[in-house]
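The first residue in the sequence is number 1, and the count goes up from there.
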Amino acid sequence: MSTTESSATGVQALQDRFDVMDALFQYTTSIDKFDYAGVRDVLADDIHATYGNGEPVTDPDALAAWIEEATATCIWQHHQLSPYQIQIQGDQAKTLSYLTSLQVFKENPDAAVVLVARYHDELKRTPGGWKISRRVMEILWGESRADDGFLANVGGRGPNVWQRD
């Protein structure tokens with residue numbers, strides 16, 4: 001169930017929609033690849049981001065550094081993002097995306113941290129493409145889920161494509 005409102009018509013409206021989705025996917029994929037320059041690249045210079053009940057972050061470099069620090073001991077991570085609503089008016093967009101995130105950390109490599117959240121985002125078109133200018137992460141659920149022996153039964157993890165050493 002997805003909606004699009006755009007002041008553009010036809011092919012341009014579709015292109016805008018795909019470009020907005022690509023910006024959202026770049027954010028999550030860059031985190032998964034530990035590519036913090038890629039994270040920074042999709043943030044507007046005037047970002048205003050709130051993650052859960054944390055204090056808002058208004059500096060894009062500080063936000064990318066905070067994400068890097070929060071995942072410094074992460075072995076691997078997987079962000080599944082589902083954009084459900086995309087509303088585009090000219091050079092502005094509002095989106096609602098559902099997120100399920102899984103992460104495994106060096107401190108407890110036999111358990112995955114599971115996070116379920118919604119992103120309420122605003123993006124703007126810039127000469128460098130669509131950028132996230134406002135993000136509110138509404139955290140809905142979190143848990144740590146231990147491996148019950150399943151990995152050993154299937155031969156373990158791998159191959160290690162985006163995993164850190």
Side-chain angles (χ1 to χ4, degrees), residues 1-8 13 16-108 111-145 162-164:
M1 175 182 295
S2 183
T3 60
T4 301
E5 296 175 16
S6 178
S7 57
D16 287 345
R17 179 180 175 80
F18 284 122
D19 291 346
V20 166
M21 288 190 332
D22 282 349
L24 297 173
F25 292 144
Q26 178 184 336
Y27 176 89
T28 55
T29 304
S30 293
I31 291 175
D32 288 349
K33 294 188 307 184
F34 307 104
D35 173 13
Y36 303 105
V39 171
R40 171 57 183 98
D41 183 55
V42 77
L43 301 174
D45 290 338
D46 60 347
I47 185 78
H48 187 277
T50 305
Y51 290 77
N53 294 324
E55 292 295 319
V57 180
T58 58
D59 176 273
D61 296 320
L63 180 54
W66 174 75
I67 292 169
E68 183 174 6
E69 182 179 325
T71 60
T73 63
C74 197
I75 298 170
W76 65 263
Q77 48 196 345
H78 173 89
H79 289 79
Q80 182 177 357
L81 188 73
S82 299
Y84 272 79
Q85 294 178 343
I86 300 172
Q87 301 168 330
I88 302 170
Q89 289 294 323
D91 293 337
Q92 304 293 318
K94 290 185 178 183
T95 67
L96 170 65
S97 300
Y98 291 6
L99 169 73
T100 302
S101 168
L102 297 109
Q103 299 171 305
V104 172
F105 292 88
K106 290 179 184 176
E107 297 83 357
N108 191 5
V113 175
V114 180
L115 181 69
V116 177
R118 287 188 284 244
Y119 284 133
H120 304 267
D121 291 326
E122 295 178 16
L123 295 88
K124 64 182 181 179
R125 186 190 326 259
T126 72
W130 287 91
K131 306 289 182 183
I132 300 168
S133 58
R134 182 172 178 80
R135 166 159 280 180
V136 175
M137 180 186 202
E138 176 187 11
I139 298 175
L140 304 169
W141 181 257
E143 67 178 282
S144 179
R145 189 177 297 169
W162 287 348
Q163 181 172 321
R164 287 187 175 164

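Applying the side-chain contact (heavy atoms from CB on, under 4.5 Å) test to Thr58 and every residue at least two apart in sequence or in another chain returns His48. Remark: Glu69 engages no residue in a side-chain contact (heavy atoms from CB on, under 4.5 Å) (not counting sequence neighbours). Evaluation of the side-chain contact (heavy atoms from CB on, under 4.5 Å) rule for Ala44 yields Asp46, Lys124, Lys131, Ser133 as partners, not counting sequence neighbours. Taking the side-chain hydrogen bond (donor to acceptor under 3.5 Å, both in side chains) definition, one finds that His78 meets it with nothing, sequence neighbours left out.
Taken from CH2 in Trp130 to CZ in Phe18, the straight-line distance is 14.5 Å, to the nearest 0.5 Å. Within the model, atoms OH of Tyr27 and CG of Asp35 stand 13.0 Å from one another, a figure rounded to the nearest 0.5 Å. To the nearest 0.5 Å, atom SG of residue Cys74 and atom CD1 of residue Ile67 are 12.5 Å apart. Taken to the nearest 0.5 Å, the NE2 atom of His120 stands 10.5 Å off from the CE atom of Met137. Rounding to the nearest 0.5 Å gives a distance of 11.5 Å between CG of Leu115 and CH2 of Trp141. The distance from the CG atom of Leu123 to the CG atom of Asp91 is 12.0 Å, given to the nearest 0.5 Å.
The salt bridge (charged side-chain N to carboxylate O under 4.0 Å, His left out) contacts involving residues 50-67 comprise Arg40-Asp61, where partners must be two or more places apart or lie in separate chains.
Side-chain atoms of Gln92 never come within 3.5 Å of backbone atoms of Glu122 as a donor-acceptor pair (strictly under, hydrogens ignored). In this structure a side-chain-to-backbone donor-acceptor pair under 3.5 Å is missing from Arg135 to Tyr119.
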- Item | side chain to side chain contact (heavy atoms under 4.5 Å, CB included) between Asp16 and Ile86, worked out | CA-CA 10 Å; Asp16 287 345; Ile86 300 172; over 6 Å; no

- Message: Go through it in stages, so that I can follow the logic: the residues are Ile47 and Val57, the test is side chain to side chain contact (heavy atoms under 4.5 Å, CB included), and I'd like the CA-CA distance, side-chain angles, deciding distance and then a yes or no.
- Response: CA-CA 7 Å; Ile47 185 78; Val57 180; 5.6 Å; no

- Stepwise side chain to side chain contact (heavy atoms under 4.5 Å, CB included) test for Leu24 and Thr28: CA-CA 7 Å; Leu24 297 173; Thr28 55; over 6 Å; no

Hey, can you pull the donor-acceptor pairs under 3.5 Å for the side chains in residues 94-104, sequence neighbours left out?
from   : atom 1 : to    : atom 2 : distance (Å)
Ser101 : OG     : His79 : NE2    : 3.3
Gln103 : NE2    : Gln77 : OE1    : 2.8

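Residue Val136 comes nearest to Asp121 through the heavy atom pair N-OD1, 4.3 Å, listed as atom of the first residue, atom of the second, then distance. Taking each heavy atom of Thr71 and Phe34 in turn, the nearest pair found is O-CE2, 4.3 Å. Nearest heavy atoms, Asp45 versus Pro60: O-CD, 3.5 Å. Minimum interatomic distance between Ala23 and Val42 (heavy atoms only, all atoms of both residues): O-CG2, 3.3 Å. Of all the heavy atoms in Val20 and Ala93, the pair that sits closest is CG2-CB, 4.0 Å.
Atom CD of Gln80 sits in a sparse spot, with 12 or fewer heavy atoms from other residues, nucleotides or ligands closer than 6.0 Å.
Between Tyr51 and Trp66, the angle of the ring planes lies from 30° to 60°, which puts this pair in the tilted group.
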